[in-house]
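Sequence lines set the chain letters: A, B, ... in the order given, protein chains first and strands last, and positions in each chain run from 1. What's counted below: heavy atoms across the whole structure, side chains too, no hydrogens, waters or symmetry copies.
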Amino acid sequence: MKTSRFHLVTRKETPADAEIVSHQLMLRAGLINKLGAGLYTWTPLGLKVLRKVEKIVREEMDKTGALEMLMPAVQPAELWQETGRWEQFGGQLLKITDRAGRDYCFGPTHEEVITDFARKEIKSHKQLPVNFYQIQTKFRDEIRPRFGVMRAREFLMKDAYSFHIDEASLKQTYQDMHDAYCRIFERIGLKYRAVDADSGAIGGSGSQEFHVIADSGEDAIAYSDSSDYAANIEKAEALPPATPRPAPTEPLKCVDTPGAKSIDEVAQALDVEKDRVLKTLLVEGEDGPVALVVRGDHDLNEIKADHLPAVKSPLRFLTPDEVKACAGCAPGSVGVAGLNARIIADHSAANMADFVTGANEDGKHLTGVNWERDAHYDETADIRNVVEGDPSPDGSGQLKFARGIEVGHIFQLGDKYSKAMNAVVLDENGKSVPMKMGCYGIGVSRIVGAAIEQNHDDKGIIWPTAIAPFQVMILPMNLHKSERVKATAHQLYEDLQKAGVDVLLDDRKIRPGAMFADAELLGIPWQVIVGDRSLDKGEVELKSRKNLQSQNLPLDSVVSFLLQQTTSTP
RNA sequence: CGGGGUAUAGCGCAGUCUGGUAGCGCAACUGCUUUGGGAGCAGUGGGUCGGCGGUUCGAAUCCGUCUACCCCGACCA
């Protein structure tokens, strides 16, 4: 492609309403153009990137034997009413009405449509297993779209849905999808982690999210520094301490702590570290109040606590009045000694000795408290958030924290949708059984933003070669003045094209400085600089966008060098 | 949905308080000069000042109202 025949519009200035760097660079490089909140036009340049991502996704899906199809974006309300999601999905569902007053939605996802398709077309276990996918525009009416294509309302997604006769088959395809996703992100050239996710309200037995690691990510993830283990911070398991509880050394004492309510205030008033203070939180239980206790430097994990049988779900903290009725004091002075509630201690809290706790009397705390001697817990459990430095739950290494951008998820759905929509097949015994389902999504357009978020510098984008809009850009210095530069640039352009390299020739009549600035903003992996200076020696200059280092190469070896570079590195 | 903010040329902004015929920089177009890191000079085009209504001799400016967009929060298969 030549710039003179391409639509290339770049900007020096950053549009005011773009917050994060990927959004700013996408606008400046002219990959997207905003139409409305969360609505973007993909320009010819942007679409080239999007299509390259799409192609990799499609190739890897096809390799697993998944079958591509295309479902309607507009879906009848009846289908969503069958699964109860017409109401349940809430405001994110864009509802529309046709001229006859019939209700539809613009699909935010396609479980209903595919399940309807499957119940009509799949009747026998012999047709199973099967995995359908599509790459299609989705619409979710986000409460707050932001960050450009990272959280847009209309976006491009690859969604796949698999159908199975039993759990074992589902698990096999789930694993195949996991492996395919790893290959996809590796081919694109992104640093990523597969992260255990909470299966939450949907049920099912397994779910993993794929996160691209970037500081601007909206999700916090914990990962092991020496294994593949990674999980959402809220989901990561906190192991019990490996060392036994120390023996008591201090006597129990009651001290005045006027005005000290929070852990910080108590620790400061008594001049102890926060990990010596016990945090006692009273919540509603199935059978009277329950006290959840964690170490002062730890945070309660409400999801873990909510799952405890003794705790009433959904988790609710007692009001100050209820705390007063239960413990006889305000929330800031509640303690475990003599407390009339079921006490559930976090593993780390249960391992404390000579600790500080509220005295169940306003303005007073107990010091030198020890389990068994002074107080008792009814059970121990994992009810806290992990912190950096905790041992990894898989037994290998320590946990570190990072921020991630969720670009994919895979899910074992089980029979949630097939049961609700009566999608059944006859098994080997001629018995009618609901199919097992899995679903697997990749945010195709989000990957473009995430890739920039992970690969840029102060000059612009640094595309991984696999998804760069062009692999090579030819920058002729003053081509309108030098016939030799012009002829060489065009010859190189033709040779590279013939060799199958995706090349852009900048034949605009602009000064070298502007040309360099644009090339760096656009982030094309290799620049070939053609100028009289190096042509005198029969050479051209090659510059890598990654490190901005340049080298001179004889004219006749440029094509083979670039061919090798663009096919070997991601 | 709660809180805050903004809306003036393609982009970034001034002008609004104190009403008087709309400006700056970048970008675009033309010409001349310049040419290895976003050139200089001269000239040109482009604006329902977000919409509607009101006050006024006169409204970008004051009042009312609606809309759009952005930020923080809650929400998020």
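Open room surrounds NZ on A:K191; 12 or fewer heavy atoms of other groups in view lie less than 6.0 Å from it.
Computed from coordinates, the A:R11 CZ to B:G25 P distance equals 20 Å when rounded to whole Å. What separates NE2 of A:H480 from C1' of B:U33 is a distance of 12 Å, to the nearest Å. Atom CG in A:D518 sits roughly 11 Å away from atom P in B:A39 (whole-Å rounding). Residue A:I510 contributes atom CD1, which lies 14 Å from atom C1' of B:A28 at whole-angstrom precision. The CD1 atom of A:I32 sits 14 Å away from the P atom of B:C11 (whole-angstrom rounding). In this structure, A:Q527 atom CD and B:G36 atom P are separated by 16 Å, rounded to whole Å. Atom CG in A:L93 sits roughly 16 Å away from atom C1' in B:C75 (whole-Å rounding). Atom-to-atom, CG of A:N552 to C1' of B:G36 comes out at 12 Å; the value is rounded to the nearest Å.
A donor-acceptor pair shorter than 3.5 Å can be found between the side chains of A:S162 and A:Y440. The closest side-chain donor-acceptor pair between A:T14 and A:Q24, if any, does not fall under 3.5 angstrom. Side-chain N/O atoms of A:N131 and A:Y133 include no donor and acceptor closer than 3.5 Å.
Across all strands shown, A:E520 has heavy atoms under 4.0 Å from base atoms, whether or not it also approaches the sugar-phosphate. A:L475 comes within 4.0 angstrom of nothing in the nucleic acid, heavy atoms only. Nucleic acid contact for A:K34: sugar-phosphate only, since backbone atoms but no base atoms lie under 4.0 Å from a heavy atom of the residue.
If you take atom C1' in B:U65 and the same atom in B:A7, they sit 16 Å apart, rounded to whole Å. Taking atom P in both B:A60 and B:G53, the straight-line distance is 14 Å, to the nearest Å. For B:A59 and B:G51, the P atoms lie 14 Å apart once the distance is rounded to whole Å. Taking atom P in both B:G19 and B:G47, the straight-line distance is 28 Å, to the nearest Å. Rounded to whole Å, the P atom of B:A68 lies 24 Å from the corresponding atom of B:A74. Nucleotides B:C63 and B:U6 have their P atoms positioned 14 Å apart, rounded to a whole Å. For B:U8 and B:C24, the C1' atoms lie 12 Å apart once the distance is rounded to whole Å. Taking atom C1' on both nucleotides, B:G58 is separated from B:C13 by 27 Å, rounded to a whole Å.
The partner of B:G46 cannot be assigned: no Watson-Crick or G-U wobble pair with both contacts below 3.5 Å exists in any strand. Searching all strands for a Watson-Crick or G-U wobble partner of B:C32 with both distances below 3.5 Å returns B:G40. Base pairing of B:G73 is made with B:C1, judged by Watson-Crick or G-U wobble geometry with both donor-acceptor distances under 3.5 Å. Both distances falling under 3.5 Å, in either a Watson-Crick or a G-U wobble arrangement, place B:C11 opposite B:G25. Pairing partner, B:C17: none, since no Watson-Crick or wobble contact has both distances short of 3.5 Å. For B:G58, there is no paired base (Watson-Crick or G-U wobble, both distances below 3.5 Å). Taking a pair to require two hydrogen-bonding distances under 3.5 Å in either a Watson-Crick or a G-U wobble arrangement, B:A68 pairs with B:U6.
A salt bridge is absent between A:E111 and A:K416; no separation between the charged side-chain nitrogens and carboxylate oxygens falls under 4.0 Å.
Listed nucleotides B:G38, B:C71, B:G36 differ in distance to A:R146; the shortest reach to its side chain belongs to B:C71. Distances from the side chain of A:S534 to the nucleotides B:C70, B:G36, B:C75 place B:G36 closest.
In this structure A:R484 satisfies the salt bridge (charged side-chain N to carboxylate O under 4.0 Å, His left out) test together with A:D532, A:D536, sequence neighbours excluded. Partners of A:F132 under the ring-ring contact (aromatic ring centres under 6.0 Å, His included) rule, at least two apart in sequence or in another chain, are A:F117.
Between A:Y174 and A:H164, a ring centre-to-centre spacing not shorter than 6.0 Å is recorded. Proximity of the aromatic rings of A:H178 and A:F210 is defined here by a centroid distance below 6.0 angstrom, and this criterion is met.
Between the base of B:G12 and the side chain of A:R28 there is no donor-acceptor pair shorter than 3.5 Å. Remark: the A:N478 side chain and the B:G36 base include no donor-acceptor N/O pair separated by less than 3.5 Å.
Where A:Q92 and A:A517 each meet RNA chain B at their nearest nucleotide, the meeting point lying more 5' is that of A:A517. Of the two residues near RNA chain B, A:H409 and A:R153, the one whose nearest nucleotide lies more 5' is A:R153.
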task: Walk me through it: do A:D299 and A:K279 pass the test salt bridge (charged side-chain N to carboxylate O under 4.0 Å, His left out)?
output: CA-CA 9 Å; A:D299 286 323; A:K279 194 188 289 185; 3.6 Å; yes
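Near RNA chain B, meaning a heavy atom under 4.0 Å from it, residues 13-26 of chain A has A:E13, A:T14, A:P15, A:A16, A:D17, A:E19 in order of number.
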